[in-house]
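Here is how names work: the chains are called A, B, and so on, in the same order as the sequence lines, proteins then strands, and each is numbered from 1.
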Amino acid sequence: MTSSPPAWIVVGRSPDGLVSVALDADGAEIERRSLDDDALPGEIRRVENADGPGPRWVWSDTPEWYERLLDVGVRVARCHDLRLCHAILRDSRLVADAADLRAATAWDAAASVEPARDDQALFALEDESPARRVGPPSVAAALEEFARQRDAIRAAADPGRLRLLCSAESAGALIAAELRHAGLPWDAAVHDRILVDILGERPRGTGAPARLDELAKRVRQELDDPTASLDSQPKLLQALHRAGVMVHSTSRWELAEHEHPVIEPLIEYRRLSRLLSANGWNWLSEWVHDGRFRPVYVPAGVVTGRWASSGGGALQIPRQLRGAVRADPGWAFVVADVAQLEPRVLAAMARDVDLAAAARGRDLYAGVVESGAVSTRQEAKIALLGAMYGATTGDSGRLVPRLRRTYPRSMALVDAAARTGEDGGVVSTWLGRTAPAPSPAWTTAQSRASDPDATEGDVTRARRWARDRGRFTRNFVVQGTAAEWALVWLGDLRARLAAFPRTDDRASAGRSGASFAHQAHLVFFLHDELIVHTPAADAERVAEAVRASAAAAAGLLFGSFPIDFPLDLRIAQTAEKS
DNA sequence: TACTGGTGCGCG
DNA sequence: AAAGCGCGCACCAGTA
């Protein structure tokens with residue numbers, strides 16, 4: 001038998017157990033192996049440890065396969081996630097003919113958000129129908145879907161972009177599983193101290209913490225209403241009106257516009273009450289175990305391709321609590337975020353050398369001020385955000401036209417995306433992720449508005465919905481491409497970290513999960529920011545790797561276009577911003 | 001009792 | 001009640 005190493009290994013179920021099918025680079029079958037359920041981790045380990053470039057594991061859904069592998073200490077270098085790539089290719093405007101992919105609806109299934117249960121025979125035979133299937137699909141189904149996806153990419157307008165996107169998306173799926181497996185180091189004692197500092201002593205039994213209780217009393221006193229309900233919006237609104245505070249809502253920004261002795265304690269009450277309900281002691285005992293916070297990350301959970309999360313509010317950890325994120329003894333964090341990722345991505349997409357020059361090697365907003373478009377950093381920021389979000393009024397809306405004169409290429413790109421969306425068209429990110437088409441209700445509303453019998457209400461509503469969609473597509477191209485850049489950054493970094501030597505330091509053994517106790521590894525990712533947990537001795541090298549990966553991501557997406565992505569980067573024992 | 005929608009606010 | 005994108009979550013109120 002010729003021994004060209006396989007480019008891909010597709011895994012799936014057969015009537016007799018699991019099957020792995022090795023394919024060459026052209027997709028031709030090289031070898032087929034039957035495996036007992038228990039033999040899979042060992043087989044994957046054997047292949048991964050072999051010399052030379054490893055294959056890409058092709059499987060239905062990364063969490064479905066990979067969580068169990070991580071639990072027994074098996075990692076893979078690369079995979080192709082059929083479910084995530086199906087969603088990309090099915091909808092991508094770059095794909096010439098997606099009819100076959102659209103017909104394969106079994107692959108449309110939503111992410112399996114729930115982690116696998118221990119008592120669940122994951123690889124056991126189950127009902128094949130998509131709605132009821134518990135285990136992975138048959139290897140035949142996986143091979144067919146993989147062939148469809150390869151065909152779609154090969155025939156696409158720009159195969160390179162889709163190949164990079166599918167590769168980055170799949171790497172992201174591996175990382176999401178690994179982040180959960182490793183967990184974010186979290187010091188419950190520090191968290192408790194922060195809560196006590198802000199809220200007061202934790203109550204015995206059911207009452208509120210001391211500071212919160214005092215604030216509630218002060219608010220009721222100022223309202224002259226000893227029984228006022230502070231947690232019910234309608235009741236609070238009435239109480240405020242009775243006290244002469246004529247607000248339309250009870251949101252903080254509106255309250256802050258009024259002068260009344262109740263305002264200050266009420267806003268403070270809400271701040272504390274929020275902290276208690278979202279990240280108080282209940283949250284701590286539910287989500288932090290053995291010194292680790294393990295949320296569920298959902299790759300591509302957002303239409304733009306950003307990740308979402310499910311449970312624990314992983315993407316909304318308040319800055320106040322970042323001090324509770326603490327490296328293990330002998331370990332350190334490398335904390336990095338990209339400065340002004342979205343406008344940089346916009347400059348590169350639009351091939352806007354002027355905005356790219358304003359961004360080069362420094363704070364982008366300072367560069368915009370220097371160009372004379374606006375006069376302060378704050379103005380530059382709200383003008384750019386307004387341009388990317390579609391602001392039309394207020395300070396932001398007023399400043400956007402000045403930006404349009406100074407950076408016509410970038411502004412033309414987002415304006416065109418908005419126009420396409422308003423007209424009912426679809427837009428794509430740089431690598432080809434494509435926005436969903438308008439809903440049937442949207443389309444109906446637009447055609448009704450052009451009917452001769454249309455009421456004024458029909459027309460007004462259609463216009464509003466069109467503008468709403470225009471702001472969505474305007475932002476989609478920028479937010480989605482920024483998500484792609486971040487995914488490529490992360491995937492490249494993961495590969496660099498995997499090549500780091502393992503240490504014998506056992507301080508973290510058992511806390512970071514079987515696969516990560518001895519090596520630098522990612523522990524957090526949030527849109528444009530990441531945290532690596534590393535043996536302290538490796539921290540400088542990790543920092544270098546993080547920077548190198550940012551440069552690599554810039555090159556992979558935008559080639560030689562002169563845009564850079566400076567990082568705010570620090571090595572520290574905590575994730576707290578200094 | 002379980003659901004849905006509104007409100008408010010945390011994150012980027 | 002936001003002007004201006006994308007989320008998740010807690011809480012309340014109204015309804016089935």
Exercise for the section: Mind calculating the distance between CG (Leu341(A)) and P (dC5(C)) to the nearest angstrom? Expected result: 19 Å
Exercise for the section: With heavy atoms under 4.0 Å as the rule, sort Trp253(A) into base, sugar-phosphate or nothing. Expected result: base
Fill in the blank from the handout: Rounded to whole Å, the CD-C1' distance (Gln316(A) to dC7(C)) equals 7 Å
Problem - Touch class at under 4.0 angstrom, heavy-atom based, for Val247(A) against every strand present - result: nothing
Practice task
Kindly point out which of dG6(C), dG12(B), dG4(C) is positioned nearest to the side chain of Val303(A)?
Solution key: dG6(C)
Exercise for the section: Specify the residues of residues 254-286 of chain A, ordered by number, for which at least one heavy atom lies under 4.0 angstrom from an atom of DNA chain B. Expected result: Arg270(A), Arg274(A)
Fill in the blank from the handout: Whole-Å distance, Phe524(A) CZ to dG12(B) P, equals 8 Å
Exercise for the section: Determine the contact category for Thr250(A): base if any of its heavy atoms lies under 4.0 Å from a base atom, sugar-phosphate if only primed atoms, P, OP1 or OP2 are that close, otherwise nothing. Expected result: sugar-phosphate
Problem - Trp430(A) vs Val345(A) side-chain heavy atoms within contact, under 4.5 Å - result: no
Practice task
Verify the ring-centre separation between Phe525(A) and Trp489(A): is it less than 6.0 angstrom?
Solution key: no
Practice task
Could you state the atom-to-atom distance from CD of Glu342(A) to C1' of dG4(C) in whole Å?
Solution key: 13 Å
Problem - Phosphate contact (dC5(C) OP1 or OP2) by Thr304(A) side-chain N/O below 4.0 Å - result: no
Exercise for the section: Could you tell me whether Asp492(A) and Arg496(A) have a side-chain N and a carboxylate O separated by less than 4.0 Å? Expected result: yes
Practice task
Using a strict 4.0 Å threshold on nitrogen-to-oxygen distance, state whether Asp415(A) and Arg474(A) make a salt bridge.
Solution key: yes
Completion exercise
Comparing nearest nucleotides in DNA chain C, the 5'-proximal residue of the pair Gly301(A), Leu385(A) is Leu385(A)
Completion exercise
Taking pairs as Watson-Crick (N1-N3 plus N6-O4 or O6-N4) or G-U wobble (N1-O2 and O6-N3), each distance under 3.5 Å, the stems of three or more consecutive pairs with DNA chain C are B:1-12 with C:5-16
Exercise for the section: Would you mind classifying the nucleic acid contact of Arg306(A) as base, sugar-phosphate or nothing, using non-hydrogen atoms under 4.0 angstrom? Expected result: base
Practice task
Would you tell me if any nitrogen or oxygen in the side chain of Arg252(A) comes within less than 4.0 Å of OP1 or OP2 on dG10(B)?
Solution key: yes
Handout entry: Candidate nucleotides dA13(C), dC11(B), dG4(C), ranked by approach to the side chain of Ser232(A) - the nearest
Key = dA13(C)
Exercise for the section: Output yes when Glu64(A) and Arg83(A) qualify as a salt bridge under the 4.0 Å nitrogen-oxygen rule, no when they do not. Expected result: no
Fill in the blank from the handout: Against the side chain of Lys235(A), the closest entry in dC9(C), dA13(C), dC12(C) is dA13(C)
Handout entry: Sidechain N-carboxylate O distance under 4.0 Å for Arg294(A), Glu67(A)
Key = no
Exercise for the section: Would you mind checking if Arg218(A) and Glu268(A) are paired as a salt bridge, meaning a charged N to carboxylate O distance below 4.0 Å? Expected result: no
Handout entry: Donor/acceptor link under 3.5 angstrom from Gln479(A) side chain onto base of dG6(C)
Key = no
Practice task
Starting from P on dG10(B), measure out to CG on Leu315(A) and report it in whole angstrom.
Solution key: 16 Å
Practice task
Give a yes-or-no answer on whether the side chains of Ser371(A) and Tyr407(A) include a donor-acceptor pair shorter than 3.5 Å.
Solution key: yes
Problem - Side chain proximity check, Phe472(A) to Pro438(A), heavy atoms < 4.5 angstrom - result: no
Practice task
Using whole Å, report how far CZ of Phe472(A) lies from P of dC7(C).
Solution key: 7 Å
Practice task
Have a look at Ser249(A) and say if it touches a base, only the backbone sugar-phosphate, or nothing, with a 4.0 Å heavy-atom cut-off.
Solution key: sugar-phosphate
Practice task
Would you please say whether a donor-acceptor pair under 3.5 Å links the side chains of Ser428(A) and Thr434(A)?
Solution key: yes
Completion exercise
note: Gln233(A), atom CD; dG8(B), atom P; distance rounded to Å ~ 4 Å
Exercise for the section: Report which part of the nucleic acid Gly390(A) touches: base, sugar-phosphate, or nothing (heavy-atom distance under 4.0 Å, all strands). Expected result: sugar-phosphate
Handout entry: Salt-bridge contact Lys577(A)-Asp337(A) (side-chain N to carboxylate O under 4.0 Å)
Key = yes
Fill in the blank from the handout: Ranking dA13(C), dG4(C), dG10(B) by distance to the side chain of Pro234(A), first place goes to dA13(C)
Fill in the blank from the handout: Side-chain contact check for Ala308(A): nearest option of dG8(C), dA3(C), dC5(C) is dG8(C)
Handout entry: 5′-ward residue of the pair Asp395(A)/Gly313(A) relative to DNA chain C
Key = Asp395(A)
Handout entry: Atom pair distance, as rounded to whole Å: NE2 in His248(A) and P in dT7(B)
Key = 14 Å
Exercise for the section: Would you classify Ile317(A) as touching base, sugar-phosphate or nothing, given that sugar-phosphate means primed atoms plus P, OP1 and OP2, and contacts are heavy atoms under 4.0 Å? Expected result: sugar-phosphate
Practice task
Would you mind telling me which of dC5(C), dA3(C), dC11(B) lies closest to the side-chain atoms of Asn475(A)?
Solution key: dC5(C)
Handout entry: Per Thr392(A) side chain, nearest of listed nucleotides dC7(C), dG12(B), dA3(C)
Key = dA3(C)
